[in-house]
Peer 1: 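Dropping the structure in here first, questions after.
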Amino acid sequence: MRMRFVALTVMIMLGISAVGQQAAKAKGPGVAELKKMTARFATTELKVDLSKLSDGDRRALAKLVQAAWVIDDIFLTQYWSGNHDLWAKLKKDNSEVGKARQRYFWINKSPWSALDGHVAFMPGVPEHKPDGANFYPADMKKEDFEKWLKTLDEKQRAQATGFFTVIKKMDAPEIPESLHGRLSSVPYSTEYEEQLEKMAKLLEEAARLTDNATLKRFLTTRAAAFRSNDYYESDVAWMDLDAPLDITIGPYETYNDEIFGYKASYEVYVNLRDDAESKKLEAFSAKLQDTENNLPIDAKYRNPKIGSQAPIRVVNTVYAGGDGNHGVQTAAYNLPNDERVVAEKGSKRVMLKNMQQAKFDKTLVPISRRVLAKDEQKDLSFEWFFTHILAHELTHGLGPHQITVEGRKTTPREELKELYSAIEEAKADVTGLFMLQYLMDNDKGGLVQGGADNERKLYTTFLASTFRTLRFGQREAHGKGMAVQVNYFMDKGAVSVRPDGTFAVDVPKMKMAVRDLTRDLLTMEATGDYNGAKQMLDTLGKVRPEFEKALSGLKDIPTDIEPVFVTAKELAGENPLRK
Ligand code: ZN
């Protein structure tokens, strides 16, 4: 699962979609419009400090960047059968419109605009991204596949619906004519054999260079998986991976298969572990039970022994490729998706800190200049922004998870049903604030430095970030949960609007409001109070006119970033596919 921090409903708000769609039917958008579409992604250099890497790891890193380029190559093939030919042609087109298309193609890794519902931005291509990408024959209907499935035995059916096969129509001359036109499953290890072999060799070279045993193990097992098409053992090795040089590489997410969601796209994130943040996480984890014991709820709802948490890694990205770099950039991901591995080893969450810093700089900073009161703007802080994200993730694990309602053993999710996500996201936000305040007050000398200055930074940065979330609408769980918080804080006087339409935080009132809202949300979960949740979302789940007005003034601010991987380039040169 992947978190991009931008809902894909953006296109409606930007008003570009309709124009784009009209234009694509004829010649496609012209240079000016392409530039406008591209400008939604602010170009940003991503640099990573390699000075602490061992010599072996540094050389291994260069090999891994080269392997990552191959992922871009496979991904172009996976996304659309015509992608490579089109890209080769585009690269030769040096006209002004040709250059603008090249640039936007590379951002989207296809001729379809991710921010505009995957509509074509140039002529001579299908109007929309094919639902089945290049995982199924272009002319296959859903029913054809389902009919074919019924003719298969259990093992064949598992292959047909598996993550790591493409579905092809048989038409090779060596196959009897009577079978032509029938569907068949082809393993990735066959379909992408040449590229996978190239990557396997690079991974093995990197494995020889690194001095970290867990990385060695992951790289050698993953290389074997590229050849055998069996990813299980290497997924397990990835769960155990704990090294300065951190990498995620392979077929993972199935979002691009919009017919069935069966087929995995290749993606890669070549990362360096962030040791300072990892230490902070450890310190937070050590304080979780203490925070739980002091949650502002009836003592009988507190959990005397909170369960173990999924591991979290904080990293900085040197290179992202394939499915990991098209359209809106990934901010964090949870993997693996293979349920057998999850059942046995759990899953791991990886947070891309420098990617989030880039998003912060290019979107949240300009937003804050418009929505925060002048004298509050100095309090915007990436450190607190990121620390709150960590706290949000951790506090998903706090509060009631196993509850009893009228004698029945149940869970908040079961009781709150379709409202659960919005309530749970709001809970993680405010309980995260509560936890940080609790640590500021009670963990003197710990990693969370308190004091008036830091409190102002935490709450002001949080206020600015609510605009970033709400910009993309209030239909989704995150947006709805955020609207609830903002309205609650305004009702308590913790957030107020100034005569010039900007917003400011009242810290003492904010601390009380955070405590109150934490109590309300957690109690709702503890009692499985569906009606209470419904009432809260109905009355507070939509932002008010003064907020709406501020949001409408943010339309020209970039939606996301286009990363330029400077460190990767210094180390290994330019991706030959990009040249
Ligand atoms: Zn969350």
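Just so it is clear, the model here is predicted, and its values are computed rather than measured.
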Peer 1: Please tell me whether Glu233 and Thr221 have a donor and an acceptor in their side chains that are separated by less than 3.5 angstrom.
Peer 2: no
Peer 1: Rounded at 0.5 Å granularity, tell me how far NZ in Lys216 sits from OG1 in Thr214.
Peer 2: 11.0 Å
Peer 1: Please check if any side-chain donor atom of His392 sits under 3.5 Å from a side-chain acceptor atom of His388, or the reverse.
Peer 2: no
Peer 1: Between atom CG of Leu372 and atom CG of Asp379, what is the distance when rounded to the nearest 0.5 Å?
Peer 2: 8.5 Å
Peer 1: Does the side chain of Gln485 reach to within under 4.5 Å of the side chain of Phe462, using non-hydrogen atoms?
Peer 2: yes
Peer 1: Go through it in stages, so that I can follow the logic: the residues are Ile423 and Glu525, the test is side chain to side chain contact (heavy atoms under 4.5 Å, CB included), and I'd like the CA-CA distance, side-chain angles, deciding distance and then a yes or no.
Peer 2: CA-CA 8 Å; Ile423 297 293; Glu525 292 197 338; 4.0 Å; yes
Peer 1: Charged N to carboxylate O below 4.0 Å: is that the case for Asp560 and Lys359?
Peer 2: yes
Peer 1: Return the CD1 to CG distance between Ile306 and Leu288, rounded to the nearest 0.5 Å.
Peer 2: 4.5 Å
Peer 1: Aromatic rings Phe547 and Phe467: how do their planes relate, parallel, tilted or perpendicular, breaks at 30° and 60°?
Peer 2: parallel
Peer 1: Show the numbers, then the answer: is there a side chain to side chain contact (heavy atoms under 4.5 Å, CB included) between Met536 and Leu521?
Peer 2: CA-CA 10 Å; Met536 180 179 253; Leu521 291 168; 3.7 Å; yes
Peer 1: Is the shortest side-chain N to carboxylate O distance from Asp338 to Lys345 below 4.0 Å?
Peer 2: no
Peer 1: For Asp500 and Thr502, test the side chains for any donor-to-acceptor distance below 3.5 angstrom and give the result as yes or no.
Peer 2: yes
Peer 1: Are any of the side-chain nitrogens in Asp516 or Lys492 under 4.0 Å away from the carboxylate oxygens of its partner?
Peer 2: yes
Peer 1: Give me the atom names and distance for the closest heavy-atom approach of Met351 to Phe386.
Peer 2: CB-CZ, 4.4 Å
Peer 1: Within the 4.5 Å heavy-atom criterion, are Lys511 and Glu455 side-chain neighbours or not?
Peer 2: yes
Peer 1: For Asn212 and Thr210, does a side-chain donor sit closer than 3.5 Å to a side-chain acceptor?
Peer 2: no
Peer 1: When rounded to the nearest 0.5 angstrom, what is the spacing between CG in Asp275 and NZ in Lys280?
Peer 2: 13.5 Å
Peer 1: Applying side chain to side chain donor-acceptor pair (under 3.5 Å), run through Gln535 and Asn531 and close with a yes or a no.
Peer 2: CA-CA 6 Å; Gln535 205 201 342; Asn531 290 332; over 6 Å; no
Peer 1: Let me confirm one number: the OG1-CG distance from Thr431 to Leu522, rounded to the nearest 0.5 Å.
Peer 2: 4.5 Å
Peer 1: Take a 6.0 Å sphere around NZ of Lys417 and say whether it holds more than 12 heavy atoms from other residues, nucleotides or ligands.
Peer 2: yes
Peer 1: Is it true that Tyr438 and Asp290 share a donor-acceptor pair across their side chains at a distance under 3.5 Å?
Peer 2: yes
Peer 1: Report the C-alpha distance between Arg456 and Glu376 in whole Å, list the side-chain angles of each, state the deciding distance to 0.1 Å, and finish with yes or no for salt bridge (Lys or Arg N to Asp or Glu O under 4.0 Å).
Peer 2: CA-CA 9 Å; Arg456 258 197 347 265; Glu376 310 252 318; over 6 Å; no
Peer 1: Only one of Asp57, Asp246, Asp242 forms a salt bridge (charged side-chain N to carboxylate O under 4.0 Å, His left out) with Arg273, so which one is it?
Peer 2: Asp242
Peer 1: Measure the shortest side-chain to side-chain distance between Asp520 and Tyr488 over non-hydrogen atoms and say whether it is less than 4.5 angstrom.
Peer 2: yes
Peer 1: Can you name the nearest heavy-atom pair linking Phe434 to Val514, along with the distance?
Peer 2: N-CG1, 3.7 Å
Peer 1: Indicate yes or no: at least one non-hydrogen side-chain atom of Gln377 is less than 4.5 angstrom from one of Arg369.
Peer 2: yes
